[in-house]
Amino acid sequence: MTEDVSGYKIVHRDEPTMYFFGVTTSRSTIMRVFPVWAEILGLDRAQLIGVDIPLHAEAEQYRKAVAQIKYDPLSLGALVTTHKIDVLEAAGDMFDELDKYARLCGDLSCISKRDNRLIGHAKDPIAAGSSLQHIFKPGYWDRTGGHVLCIGAGGSAISITYYLMARPEPGDRPKRIIVVNRSQPRLDKLRSIVAGLPPTIEVMYILNEDPVRNDKIMADLPAGSMVINATGMGKDRPGSPITDDGVFPMRGIAWELNYRGELDFMHQAMAQERQRNLTIHDGWQYFLYGWSDHIAEVFHKEIAEDLFDQLAEVAEVIRPSSDSR
Ligand SMILES: NC(=O)c1ccc[n+]([C@@H]2O[C@H](COP(=O)([O-])OP(=O)(O)OC[C@H]3O[C@@H](n4cnc5c(N)ncnc54)[C@H](OP(=O)(O)O)[C@@H]3O)[C@@H](O)[C@H]2O)c1
């Protein structure tokens, strides 16, 4: 059944429904993982519906997607990927409440409802932070003197920067984070967020889309540095932000935020894995932490560590092999 509410065509769902706002949602492994997790979590008849939205879409498209959750009782919330900044900019006024991270970071990754109030959360600093904890042992940056090069200054880059800057132990923070983005507004946004935080890390902002220049920036990094592909290239769009000639830092860490798609950046790192003594991570842990946390929020569930381990174990069986990611 559909109904016009405040100028939006709202579909009244028959089952508790969570949405997934992304770009190519049907290809995400969560579509196969969700029904299995829903059973383990006892989410009776729960559905996950993908909403594909083109990159930087018109504001009305974001508002329509948010209105569906706001006005339909059984539409319980959403996980937002890729459009985290755009959703908040286009539809921020439709929310009754924004959590601390959403206000601070200017993006939102999770939409939920409590007592009929529409709430926007930025949960990415938690998922990105859990992933970084999984990657690094305490004191890593102090021991190695490495820096972070993050290519892409979108929602994930904001979360990663925020998380690292907020580490209480100086040894758990790199001395410098270099953020590269192809357009100026995202760099300005990050700069304004960083300006509101204690200056625990030097952050450099570089406007650039030329992969050859990224190679040069990467070549200047000290040993042990981390290079992050936070552009979506190799999944949302073809290619990589570096060229095949780009040389990773010795004993460095390459982190591709995605776990599916062509993953060109990750393959470029894999080609140098031995020669440069690299450690390579994809976005699988990020995926697990992010989705479990968002599902817990939307369906008002607690997911303790042993339950998370169980969810991770069943997801691993469904996870695409490296050939078909
Ligand atoms: N594994 C997981 O669970 C997980 C979790 C979060 C994110 N991700 C993935 O990580 C990627 C980034 O996510 P996000 O939320 O940060 O997306 P986002 O907000 O769209 O940010 C991407 C940023 O990269 C910039 N960019 C694109 N191509 C570039 C290039 N060649 N050089 C420099 N900058 C470039 C974009 O600039 P413009 O502003 O000019 O477009 C944008 O600011 C996405 O593909 C997402 O799917 C995965």
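Computed from heavy atoms alone, side chains included, the values below leave out hydrogens, waters and symmetry copies. Counting convention: from 1, in listed order, for ligands and their atoms alike. This structure is a prediction, so every number in the text was calculated from the model and none was measured.
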Problem - NZ or CZ of R276 within 45° of F248 ring axis and under 6.0 Å - result: no

Could you list, one pair per line, each nitrogen or oxygen of ligand 1 together with any protein nitrogen or oxygen closer than 3.5 Å, giving atom names and the distance rounded to 0.1 Å?
{"from": "ligand 1", "atom 1": "1 (N)", "to": "L257", "atom 2": "O", "distance (Å)": "2.8"}
{"from": "ligand 1", "atom 1": "1 (N)", "to": "G283", "atom 2": "O", "distance (Å)": "2.9"}
{"from": "ligand 1", "atom 1": "3 (O)", "to": "F287", "atom 2": "N", "distance (Å)": "3.2"}
{"from": "ligand 1", "atom 1": "13 (O)", "to": "S156", "atom 2": "OG", "distance (Å)": "3.3"}
{"from": "ligand 1", "atom 1": "15 (O)", "to": "K84", "atom 2": "NZ", "distance (Å)": "3.0"}
{"from": "ligand 1", "atom 1": "16 (O)", "to": "G155", "atom 2": "N", "distance (Å)": "3.2"}
{"from": "ligand 1", "atom 1": "16 (O)", "to": "S156", "atom 2": "N", "distance (Å)": "2.8"}
{"from": "ligand 1", "atom 1": "16 (O)", "to": "S156", "atom 2": "OG", "distance (Å)": "3.2"}
{"from": "ligand 1", "atom 1": "19 (O)", "to": "G155", "atom 2": "N", "distance (Å)": "3.1"}
{"from": "ligand 1", "atom 1": "19 (O)", "to": "R186", "atom 2": "NH1", "distance (Å)": "3.2"}
{"from": "ligand 1", "atom 1": "20 (O)", "to": "T82", "atom 2": "O", "distance (Å)": "3.3"}
{"from": "ligand 1", "atom 1": "28 (N)", "to": "R237", "atom 2": "NH2", "distance (Å)": "2.6"}
{"from": "ligand 1", "atom 1": "34 (N)", "to": "R182", "atom 2": "N", "distance (Å)": "3.1"}
{"from": "ligand 1", "atom 1": "37 (O)", "to": "N181", "atom 2": "OD1", "distance (Å)": "3.4"}
{"from": "ligand 1", "atom 1": "37 (O)", "to": "N181", "atom 2": "ND2", "distance (Å)": "3.2"}
{"from": "ligand 1", "atom 1": "37 (O)", "to": "R182", "atom 2": "NE", "distance (Å)": "3.4"}
{"from": "ligand 1", "atom 1": "39 (O)", "to": "S183", "atom 2": "OG", "distance (Å)": "3.2"}
{"from": "ligand 1", "atom 1": "40 (O)", "to": "R182", "atom 2": "NE", "distance (Å)": "3.0"}
{"from": "ligand 1", "atom 1": "40 (O)", "to": "S183", "atom 2": "OG", "distance (Å)": "2.7"}
{"from": "ligand 1", "atom 1": "41 (O)", "to": "H56", "atom 2": "NE2", "distance (Å)": "2.9"}
{"from": "ligand 1", "atom 1": "41 (O)", "to": "R182", "atom 2": "NE", "distance (Å)": "3.2"}
{"from": "ligand 1", "atom 1": "41 (O)", "to": "R182", "atom 2": "NH2", "distance (Å)": "2.7"}
{"from": "ligand 1", "atom 1": "43 (O)", "to": "N181", "atom 2": "OD1", "distance (Å)": "2.9"}
{"from": "ligand 1", "atom 1": "43 (O)", "to": "R186", "atom 2": "NH1", "distance (Å)": "3.3"}
{"from": "ligand 1", "atom 1": "45 (O)", "to": "D236", "atom 2": "OD2", "distance (Å)": "2.8"}
{"from": "ligand 1", "atom 1": "45 (O)", "to": "N258", "atom 2": "ND2", "distance (Å)": "2.9"}
{"from": "ligand 1", "atom 1": "47 (O)", "to": "K235", "atom 2": "NZ", "distance (Å)": "2.8"}
{"from": "ligand 1", "atom 1": "47 (O)", "to": "N258", "atom 2": "OD1", "distance (Å)": "3.1"}

Practice task
Considering only Ile, Leu, Val, Met, Phe, Trp and Tyr, and joining two whenever side-chain heavy atoms are under 4.5 Å apart, list the other residues clustered with M1.
Solution key: none

Handout entry: Ring-face cation contact, F34 with R32, 6.0 Å cut, 45° max
Key = no

Exercise for the section: May I ask you to decide if the ring planes of Y289 and H134 are parallel, tilted or perpendicular, using 30° and 60° as cut-offs? Expected result: perpendicular

Handout entry: K175/E202 under salt bridge (Lys or Arg N to Asp or Glu O under 4.0 Å): CA gap, chis, key distance, verdict
Key = CA-CA 6 Å; K175 291 245 168 334; E202 179 196 5; over 6 Å; no

Handout entry: Pairwise side-chain contact, M226 with W141, heavy-atom cut-off 4.5 Å (strictly under)
Key = yes

